[in-house]
Amino acid sequence: MRADLHTHTTYSDGELIPAELVRRAMVLKHDAIAITDHVDMTNVEWVVTNVVKAVDLCEDYIKVIPGVEITHVPPCKIAKVADMARSFGAEWIVVHGETVVEPV
């Protein structure tokens, strides 16, 4: 199985709209893709509900998983944002880690 479970669209810092991102994954012969745009408490509802709409538009040739990447959220609030994301339809949740060159 070929999958990419960490992708971004124009809903955060990606360059493609969801349908185009999925199409390109299909051309690369992926079996699955998770759309995991950056979210925090201010945009989680908008991002997830729109990613879910995009998933509904996709063909059945590839599994598209609606998700999020929680970014710049204080550790004590990550669970709250994850719960919010799930309530809006996210099925895959990634938490952005911190590195020496990228503090989050």
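In this chain, numbering begins with 1 at the start of the sequence shown.
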Salt bridge present between Asp83 and Lys80 (N-O < 4.0 angstrom): no

Is the backbone of Thr36 close enough, under 3.5 Å, to the side chain of His8 for a donor and an acceptor to pair up by distance? yes

Tested for side chain to side chain contact (heavy atoms under 4.5 Å, CB included) against Ile35, the lone hit among Val22, Ile65, Leu5 is Val22

Smallest separation among heavy atoms of Ala54 and Pro18, with atom names: CB-CB, 3.4 Å

At what distance, to the nearest 0.5 angstrom, does CE of Met1 lie from NZ of Lys63? 9.0 Å

What closest approach, in Å, do Val39 and Asn43 show between heavy atoms, and which atom pair accounts for it? CA-OD1, 3.1 Å

Distance-minimising heavy-atom pair for Asp37 and Ser12: OD1-OG, 2.6 Å

Parallel, tilted or perpendicular, judged at 30° and 60°: which one describes the rings of His96 and His38? tilted

For residues Ile62 and Val51: do they belong to one hydrophobic cluster (side chain heavy atoms under 4.5 Å, members Ile, Leu, Val, Met, Phe, Trp, Tyr)? yes

Please give me the minimum heavy-atom distance between Val68 and Ala85, naming the atom from each residue. CG2-CB, 3.9 Å

Does the Thr9 side chain pair with the main chain of Ile17, one donor and one acceptor, at a distance under 3.5 Å? no

hydrophobic_cluster_shared for Val44 and Ile78, side chain cutoff 4.5 Å: yes

Any Arg24 side-chain heavy atom under 4.5 Å of Leu28 side chain: no

Considering all heavy atoms of both residues, which atom of Phe88 and which atom of Thr49 are nearest to each other, and what is their separation? CB-CG2, 4.3 Å

Thr42 side chain to Asp40 backbone, donor-acceptor under 3.5 Å: no

Is there a donor-acceptor contact under 3.5 Å from the side chain of Asp31 to the main chain of Arg2? yes

Under a 4.5 Å side-chain heavy-atom rule over Ile, Leu, Val, Met, Phe, Trp and Tyr, are Val94 and Val55 clustered together? no

Ile70, Met84: one ILVMFWY side-chain cluster at the under-4.5 Å cut-off? yes

Of all heavy-atom pairs between Arg86 and Ile93, which one has the smallest distance, and what is that distance? CG-CD1, 3.8 Å

Are Trp92 and Ile33 linked, directly or through intermediate hydrophobic residues, by side-chain heavy-atom contacts shorter than 4.5 Å (ILVMFWY only)? no

